[in-house]
Amino acid sequence: LFRSGGVPLYSPYGLAQTVPVMVLSHGLGASFVEAAVTVLGLSYLQRLYPGLLPRRARPRSPSAAVSED
């Protein structure tokens, strides 16, 4: 698993090269995919089980509040 210099064969790159590449790829690519999967999953659950995820009440407009008085 290791070369004579102590560098592992399964990961020939150091942290100085690995971390920036991982941050960029996960930050720019995987985050959008994860957000899309989350939104699709929540909308599916809301459609299938409407009482499971409560919806927030929409704020009323100021003109509607004045007309009620």
Side-chain angles (χ1 to χ4, degrees):
L1 288 176
F2 291 94
R3 294 184 195 165
S4 62
V7 178
L9 291 174
Y10 57 85
S11 180
Y13 304 106
L15 288 178
Q17 292 130 353
T18 305
V19 171
V21 170
M22 293 295 285
V23 167
L24 285 174
S25 65
H26 284 86
L28 297 176
S31 61
F32 294 115
V33 172
E34 184 176 348
V37 168
T38 301
V39 167
L40 289 172
L42 287 176
S43 64
Y44 175 76
L45 286 175
Q46 185 67 41
R47 208 173 335 119
L48 224 58
Y49 306 104
L52 184 65
L53 302 170
R55 292 185 179 208
R56 293 187 312 188
R58 290 186 179 171
R60 299 168 75 180
S61 66
S63 61
V66 172
S67 65
E68 286 182 4
D69 292 336

May I ask whether Leu42 and Tyr49 are part of the same hydrophobic cluster, defined by side-chain heavy atoms of I, L, V, M, F, W, Y residues being less than 4.5 angstrom apart, directly or through others? yes
For [X], enumerate each residue passing the side-chain contact (heavy atoms from CB on, under 4.5 Å) test, keeping only those at least two apart in sequence or located in another chain.
| X | answer |
| --- | --- |
| Gln46 | Pro50, Leu53, Arg55 |
| Phe32 | none |
| Ser25 | none |

Under the 4.5 Å side-chain heavy-atom rule for ILVMFWY, direct or indirect, which residues accompany [X]?
| X | value |
| --- | --- |
| Leu28 | Leu24 |
| Leu40 | none |
| Val19 | Leu15, Val23 |

Roughly how far, to the nearest 0.5 Å, is CD of Gln17 from CE of Met22? 14.0 Å
